Amino acid sequence: MDYTYDVLVIGAGPAGMAAAVRAAELGARTAVVERSALGGTCVNSGCVPTRVLAKTARLFREVRTAHDYGIVVAEPQVDWPTTVDRVRSTVERVLTAKGYPALIDRLGIDLLAGDASFTGEHTVSVGDRSVSARSIILCIGGSARRLPIPGAEAAVLPHEVLSMPELPASVAVIGGGHTGAQLTTIFHALGSQVLLLDVAPRILMTEDADVSAGVTEGFISRGVRVETGIDGIDAIRPSEGALRLSWRSGGQPEEISVEAVVMAAGWPANLDGLNLEAASVESTRTAVPVDDYLRSNVPHIFVAGDANGSSMLVQAAVFEGETAAENAVLGANRTTPHHLLPEGGFTDPDYAGVGLTEAQARARDSQCHAVVLPYAAVERPIIDDREQGFLKLVTDRHRELILGAHSVGENAVEVIQAVAAAMAAGTDLATLARVKFAYPTYSAVIGHAARAALRS
Ligand SMILES: Cc1cc2nc3c(=O)[nH]c(=O)nc-3n(C[C@H](O)[C@H](O)[C@H](O)COP(=O)(O)OP(=O)(O)OC[C@H]3O[C@@H](n4cnc5c(N)ncnc54)[C@H](O)[C@@H]3O)c2cc1C
Ligand SMILES: NC(=O)c1ccc[n+]([C@@H]2O[C@H](COP(=O)([O-])OP(=O)(O)OC[C@H]3O[C@@H](n4cnc5c(N)ncnc54)[C@H](O)[C@@H]3O)[C@@H](O)[C@H]2O)c1
């Protein structure tokens, strides 16, 4: 059969751009469909805006402590419209640096603007146009969900935060995953009273339990109210210019009046309107499952990035996009395992992890070893007044292999990235303990922890 394209990529976020570029580099006639903006969630409404807000929150905190260092400043205030402008202009700068239109042009990739919807196993409609492809790679990402409760429409979803007319004096954040935790820090640092609610027994459920505990402790010590293990959210009701949020905890009804409710309670794949049935692609309610080669149940339809539900991170999406493209063009024999996937969040304090959590390692071998090195024992965090935090190293029972690393505290994400690089290189614990770390740095905590693990 004569197809319009060899490879059709749906969605131009990190996964879709990586897939389209790799497919074109391999000589495939390639098109990418995007209904919104090149760069996807990551650049336009997710990582980049959140990171700029995290920097804003950081600056605000630092200015507030300036007097401790003998710097005299007036009480800082947030000019929200300027903050929003700053976020938007930074997004533009990142997009300029990425240079997607020129890249697409140079590689001869067709950009089809509009909503893609399957009309058959090899055919897709984009607006009033119909195209066909030998292989299709779904890189459709996900979106924040609105809980099915009365008044849910009054809540702000994470991508709507920048559209809030002003900063709320009080806010309830529903969901303590990566998004909810980061928004908690941002709102709290900028002056809002924050209540964080989660049905899970702890926030940041995918992190090591000590990381969840450390971030929770950090939140509480700064004045955030954290309620985990709640039974569920009941309703949001407008009342006298505010919102009354009701939930149940331990069977008891609870209620609070806040200026805003932010919902960060899950991230299902963008399946609406895709008409997967026309292509006989099977999905769950929240994702399109794939095999090791990123194939859906229909072998020529691949799924990369958030939409396959395996790992919702940019660093995973990019590798999956490239792998899916190579499998589509060259035959399905490449995999992209995620056992070494560093991740973390820019909360106050920051947190990060890579590899097995202590609980996962103990489930495999109860004799595995874990050591926790407090930031308070390392010079740089003391110098910077950032002693809250730790680095945990998880090793095998012989203290040879590093199985995982988890951190709470200043620069945790960079610290964990350094351990991830060591793990990727197959560095054993004894070698890591002999690495020289510049003084005084946060990453010096790695050397301290490695030596402590060897000694213990
Ligand atoms: C607030 C927030 C902060 C985050 N921070 C981080 C972080 O710091 N680090 C990190 O690693 N990850 C972070 N993430 C996660 C990260 O954004 C995602 O993992 C990443 O964007 C996934 O890439 P993707 O290409 O799979 O999907 P997306 O980036 O969501 O891109 C999907 C694209 O597909 C398009 N699309 C969907 N359906 C169709 C259709 N039918 N037709 C045409 N186009 C369609 C969409 O418009 C979108 O542009 C964050 C997420 C959020 C929400
Ligand atoms: N820094 C980062 O790397 C970063 C930042 C943001 C998002 N992300 C990625 O994006 C994806 C989505 O993250 P997310 O935090 O938006 O969603 P999530 O699914 O990771 O977390 C949702 C949270 O909401 C809670 N929840 C669900 N229903 C609830 C209810 N009825 N009441 C109260 N709480 C409820 C869940 O228990 C969970 O803790 C994640 O997989 C993450 O990997 C990454």
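All of these numbers come straight from a predicted model, not from anything done at the bench. Read the numbers this way: they start at 1 and go in the same order the structure lists the ligands and their atoms. Position 1 is the first residue of the sequence; numbering continues from there.
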Where ligand 1 meets Leu274 - atom numbers and elements under 4.0 angstrom, heavy-atom basis: 41 (N)
Basic-acidic side-chain contact under 4.0 Å: Asp210, Arg202: no
Contact partition for Gln182 relative to ligand 2, non-hydrogen atoms under 4.0 Å: side chain
Polar atom proximity, Gly305 to ligand 1 (N or O, under 3.5 Å): no
Atom 26 (O) of ligand 1: the protein heavy-atom neighbour that sits closest, reported with distance to 0.1 Å: Asp306 N, 2.9 Å
Atoms of ligand 1 close to Ser36 [distance to a heavy atom under 4.0 angstrom, numbered from 1]: 47 (O)
Option set Ala116, Gly114, Ala54, Pro14, criterion heavy-atom distance to atom 40 (C) of ligand 1, minimum: Ala116
Closest protein heavy atom (residue, atom, distance) for atom 21 (O) of ligand 2: Gly177 CA, 3.7 Å
The one among Val33, Val9, Ile140, Thr41 that brings a heavy atom closest to atom 29 (O) of ligand 1: Thr41
Pro158 and ligand 1 - part of the residue with a heavy-atom distance under 4.0 Å: neither
Residue of the set His406, His178, Glu207 for which side-chain hydrogen bond (donor to acceptor under 3.5 Å, both in side chains) holds with Tyr351: His178
For Ala15, the ligand 1 atoms whose distance to one of its heavy atoms is below 4.0 Å: 25 (O), 26 (O)
Nitrogen or oxygen atoms of Ala317 and ligand 1 under 3.5 Å apart: no
Ligand 2 contact on Val199 by region, counting heavy-atom pairs under 4.0 Å: both
Structural part of Arg145 in contact with ligand 2, heavy atom criterion under 4.0 angstrom: side chain
Nearest non-hydrogen protein atom, atom 6 (C) of ligand 1: Cys47 SG, 3.2 Å
Residue and atom name of the nearest protein heavy atom (relative to atom 27 (O) of ligand 1), distance in Å to one decimal: Gly141 CA, 3.3 Å
Short N or O distance, Ser45 and ligand 1, threshold 3.5 Å exclusive: no
Glu320 and His338: side chain donor to acceptor below 3.5 Å: yes
Atom 39 (O) of ligand 2 - nearest protein heavy atom and its distance: Asp198 OD2, 2.6 Å
For Leu147, atoms of ligand 2 separated by under 4.0 Å from a heavy atom: 30 (C), 31 (N)
Interfacing atoms of ligand 2 (cut-off 4.0 Å, heavy-atom, Ile233): 32 (N)
Atoms of ligand 1, numbered as shown, that sit under 4.0 Å from any heavy atom of Val314: 10 (C), 11 (O), 12 (N), 16 (C), 19 (O)
Donor-acceptor side-chain pairing of Asp198 and Thr228 below 3.5 angstrom: no
Top protein contact for atom 34 (O) of ligand 1, by heavy-atom distance: Gly11 CA, 3.2 Å
Separation of Thr30 OG1 from Leu111 CG (nearest 0.5 Å): 12.5 Å
Polar contact flag for Gln315 and ligand 1 (N/O pairs, less than 3.5 Å): yes
Gly344 neighbourhood, listing ligand 2 atoms whose heavy-atom distance to it stays under 4.0 Å: 1 (N), 2 (C), 3 (O)
Nearest-neighbour protein heavy atom for atom 19 (O) of ligand 2, which is reported as residue plus atom name and distance: Gly266 CA, 3.6 Å
Closest approach of any protein heavy atom to atom 27 (C) of ligand 2, naming residue and atom: Ala265 O, 3.4 Å
Ligand 2 versus Thr206: contacting region, heavy-atom distance under 4.0 Å: neither
More than 12 heavy atoms of other groups within 6.0 Å of Gln193 CD: no
For atom 31 (O) of ligand 1, closest protein heavy-atom neighbour: Gly13 CA, 3.5 Å
Contact (N/O only, under 3.5 Å) between Ile10 and ligand 1: no
Identity and distance of the protein heavy atom lying nearest atom 8 (N) of ligand 2: His178 CB, 3.8 Å
Asn270, any N or O under 3.5 Å of ligand 1 N or O: no
Atom 22 (C) of ligand 2 [closest protein heavy-atom partner, distance rounded to 0.1 Å]: Ala264 O, 3.4 Å
Selected option - heavy-atom contact closest to atom 13 (O) of ligand 2, from Asp231, Leu341, Thr179: Thr179
Ligand-side contact atoms (ligand 1) for residue partner Cys139, heavy atom cut-off under 4.0 Å: 32 (C), 33 (C), 34 (O)
For atom 46 (C) of ligand 1, closest protein heavy-atom neighbour: Glu34 OE2, 3.5 Å
Atom 41 (O) of ligand 2: nearest protein contact (heavy atom, Å): Met312 CB, 3.2 Å
Nearest option to atom 3 (C) of ligand 1, as decided by whichever heavy atom of Gly16, Gly46, Gly40 sits closest: Gly46
Aromatic ring pairing Tyr442/Tyr375, orientation class (parallel under 30°, perpendicular over 60°, tilted between): tilted
Protein contact to atom 12 (C) of ligand 2 [nearest heavy atom, distance to 0.1 Å]: Trp267 CB, 3.4 Å
NZ/NE/NH1/NH2 to OD/OE distance under 4.0 Å, Glu160 and Arg146: yes
For ligand 2, the portion of Asp306 having any non-hydrogen atom under 4.0 Å away: neither
Side chain, backbone, both or neither: Thr50 near ligand 1, heavy atoms under 4.0 Å: side chain
Atom 44 (N) of ligand 1 [closest protein heavy-atom partner, distance rounded to 0.1 Å]: Arg35 N, 3.3 Å
